[in-house]
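A quick write-up on the structure given underneath.
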Amino acid sequence: MRGPPTILRSLLREIRQRLGAILLLGALGAVGSGLLIGMLAVFYDLDASRARFYREQRLADFSLSLKRAPQSALEPVLRHPGVRHLEGRVRIEARVDLPDSPEPITSTALSLPRVRRPVLNDILLVSGTWFEGSREDQTILNDAFARAHDLRPGDHLEALIMGRQQRLLVVGTALAPEFVYVLPPAGGIVPDPARTGVLYLPLDTLQDWSGLNGAFNEILGLAWDLRPGPLRSTLRDLERELDPYGVTLSLTGEELPSVQFLDNELHELQTSATILPALCLGVVGLVLHIVTGRMVTQQRTTIGTLRALGYTRSFIVRHYLGYGLVVGLGSALAGMALGLWIQSAMIRMYQDYFELPDLRADLYPGLLAVALGVGVLFAVAGTVQAALRASRMNPAEAMRPPAPEKGGRILLERLPGLWDLVPFWGKLVARSIFRNPFRSMVCVLTTLAATALLVESLCMVAALHVMIDHEFRHTSHQDLTLSLREPVGRELLSELGALPGIMAVEPQLVVSADLSRGAREKRTGLTGLVEGNRLSTPLDQQGLPLRIPEEGLVLARKLAEILDVGPGDTLLLRPLTGTRQTRRAPVVAVVDTYMGLGAWCRLEYLSRLIGEEWAANSVLLDLANPRPERALLEELSRRPGVVGVEQRVRALEKIQQLMDQNFGTSLLILILFSGLLAFGSVLNTAMVSLEERRREVGTLRVLGYSPARVALVFAAEIGLLSAVGIGLGLWGGIGLVHLVVQAYSRELFRLPAVIPPEALFQSAAVMLLFVALAQVVVWRLVARLPWLEVFKVRE
Amino acid sequence: MAIEGGERRTHVEGQPQPLLTVRSVSKIYRMGEVEVPALREVDLEIREGEFLVILGPSGSGKSTLLNMIGGMDRPSSGQVLFGEQDLTRASDRQLTLFRRHQIGFVFQFFNLVPTLTALENVQVATDLAREPLPAREALRIVGLEDRADHFPSQLSGGQQQRVAIARALSANPRLLLCDEPTGNLDTTTGAQVMELLEQLNRERGKTVVVITHNALVSRMGDRTAEIRDGRIVRLEIQPHREPARSLPW
């Protein structure tokens, strides 16, 4: 054969004739390929950038916080067979006072060697230099914090470190692998760079200021075996060996909040990058299956003629696969452009979100090739059956007019009483639906999937709002939280209560403790509350206040599950501060909560457990004015024991700001995505149905039916199918919400399964809107159909 | 086994050689549990260069016979020989090549590809042929060179059938098989199409087999095989072919 076969032109012209439908399918495919490319590329970018950063700055495999460990304490531990390397450093809380911030900023001061040498959890200088000479008063700041306050090398800042006010010279700004996702030390779940200061100071300076001369209070290490089991067991050995030095916390690298958040994000990206594209491309395949199936039926004479002219079976197969190939290739190529755009937009978003040094949108030719292959594969797979059916046609048989389409009675017709009640057009609709079960099913399934997806997204947003309301409005009522460096007695309370503008004062004691029962063990924070607590009123998921008994513990359900305990059981409890003696403590109640692995008890009970009569290490304040005056904030922060002052309103605003920023756009994209899915599939179903029933349309027009009335028959068919799809989709969405809630039940937080009725209404309304749009297109197609032609042309 | 075509065989002693031989061919269609015989023990020879008319009413089995001759279907029993090659034993691919190189089909409903122009419809056949006539030349022969860029929907029935004949002709086949070529045309156009076929047979030496229910056509042919109920009931030789133009269509 010379050059491309002439029949190829017929393929191209047919594609041009069906351009609208094919473009729609192509758009759906492009969205699928685009999401696949965009999201996976972002996944690779993030993963590579993170891995590079962790490796080059030597992120520690584990860390141990302790009271005080001299250098000599490290020697024996280093001999542990699981330990590859150990380093000590100093970490203390600091308070930064900046002119642009009314309240002091709770910060972390960390030591680095005065003379630069590679260390674990090293920093990457972004601007300025390392420490110079033997000056004490120099610091390197975390870059996000410096940016948020417009601090540059050469600037000064005031910080309260171990009770001493220091004026520090900023010599540099830096990124660190342990602070990629910068959570405020005072708590919260969203980054707040302006409230998250990390100050790096020379080791000798920090040791001197904190009274840790020649000693450390944090140990970073590398392990030989990084599998969770062996690593955990190495850590347990180290905890035991270092126990005399007062171990308060041990974390594997993976348990660092920053590392966990990044891990979660990557995991979610990967999940979305699989599910959403599969959904789109699956629908493309199914609809192509229907469209090409119809095409082959319609073109049987042409197929017969081509076979009679001497075209081979394999040629016929290739010809019909050509449709899939064109749709697949076209949509995959468009998807590449879309994917690259998605990638760069998402990377820009993540650059604000994560403090990673060289997070950039890289090009992945392999990914593009795979996406191209996957896009083509789905589309071609959709045409395979039609192509094979075409090739199996015997030429002589294909030339004969087709056997009359099976017109057997559908199930409904066997119920004579009922069937007689169905109006004429209803019978047309019912027959069309039941005689094309596959087509009807695809229509139902796609609207189902699109609706379920929408319900799930809306419910997740609602769940987050519920969770945030719960945490910030229903369980916390204080305006300010003061964090204290050391537990204090009752005197401070009366002192604070006497200050003007303070309405109520409520102490809290938060103590880290190891809880264990048999082989099960978990380290968590125990919160001691006073009787008649008003400012902090922990609630369970039913909104009922926790009743804290005088003795014993109330546990969050997730924690109780981890420890396998229930009310009436007894735990071993070892506080990590004070006497650090193991005591037995009864479990009094188990409650459902949203965040963390909480455990609560009476403040007095907890005080006794740590060997004190009465102690508090944070104070909640209720103010006359929820937005405190600068003077009050300064008065409070001047008190030496105070290391942090947090405003509840500010934390809440920060979260809401982030939700508004991100969810608005994501929801819009998701609505468009679901809409396109439903619109594309419904319209294609209607078009195939219309093509199949041109004769019927012609007949109805001859009988005097207006285009609108004829379109009504199709509208009823699509309407019925999509109504079933949407209805089932609402149920499916509810099921999906429960599945997702279960999948997201983590130690860090748990989402409630909230199904607000408006989420269901909104989902159904959005779907109906897109289905209605498809109806309008169908009506226009019916109106423009040259129905008289139908009778002239021999099909 | 490869079925080759192309060069014409020389006539021996002026006698036309059988180009294709049908030997006691039967075809039975099974419809559920009922067996419907379409052809019963049919014997027929098609001679090189002749104009053969197969005459019969609808349902007599003439289209089934044409399908056997054209390698489009296989008999239930019997043999179809093209020269010495047994078509009944040919593979699907061999039958495809046989149709491609030896047969030109003309159908009652023209069977043009609606999305291709007249010229392109002819090219669909020349694309495959080994020694094709140029597609424009084929259109010129049927008198449609000025309609080359028209789509089937822009052509009259007669013009469409002439495109179909140009298509059948263009692959330079040895045998033109025409199934009711005028069945869908008015009498004047039908007559023009028959004249064209006659001309191809006389001037270009094509072997032409025409299936028809119109007894008048048999006066144009060298021979007429009359078929009824799946059997050839009469085989008649016309000593004097009448020109299509002179027949009272």
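Each chain gets a letter, A, B and so on, in the order the sequences are listed, and its residues count up from 1. Atom set for the values below is all heavy atoms of this structure, side chains included, hydrogens, waters and symmetry mates excluded.
With a threshold of 4.5 angstrom between heavy atoms, B:D92 approaches chain A through side-chain atoms but not through N, CA, C or O. For A:T312, the parts lying under 4.5 angstrom from a heavy atom of chain B are both the backbone and the side chain. Using a 4.5 Å cut-off between heavy atoms, B:F110 does not touch chain A at all. When heavy atoms are compared at a cutoff of 4.5 Å, A:L306 approaches chain B solely by way of its side chain, counted from C-beta outward.
For A:H319, there are no ring-ring contact (aromatic ring centres under 6.0 Å, His included) partners two or more places apart in sequence or in a different chain.
Salt bridge annotation for A:E397-A:R300: absent, with no cationic side-chain nitrogen under 4.0 angstrom from a carboxylate oxygen. Residues A:E692 and A:R439 are paired through a salt bridge, judged by an N-O separation under 4.0 Å between the basic side chain and the carboxylate.
Atom CZ of A:R701 has more than 12 heavy atoms from other residues, nucleotides or ligands within 6.0 Å. Around atom CZ of A:F434, no more than 12 heavy atoms belonging to other residues, nucleotides or ligands sit under 6.0 Å away.
Taking non-hydrogen atoms and a 4.5 Å limit, the residue list of residues 14-22 of chain A in contact with chain B, ordered by number, reads A:E14, A:Q17.
The candidate from B:I103, B:L66, B:T64, B:V113 with the greatest count of non-hydrogen atom pairs under 4.5 Å with chain A is B:V113. No other option in A:L309, A:T302, A:L11 has as many heavy-atom pairs under 4.5 Å with chain B as A:L309.
At least one test fails for A:R13 against the ring of B:F151: distance under 6.0 Å to the centre or angle within 45° of the axis.
Looking only at atom types and distance, the side chain of A:Y320 has no donor-acceptor partner in the side chain of A:Q385 under 3.5 Å away.
Considering all non-hydrogen atoms of both residues, A:S689 and A:E717 come closest at OG-OE1, 3.2 Å.
Test B:V122, B:V124, B:L116 against B:E120 for side-chain contact (heavy atoms from CB on, under 4.5 Å) and you get one pass: B:L116.
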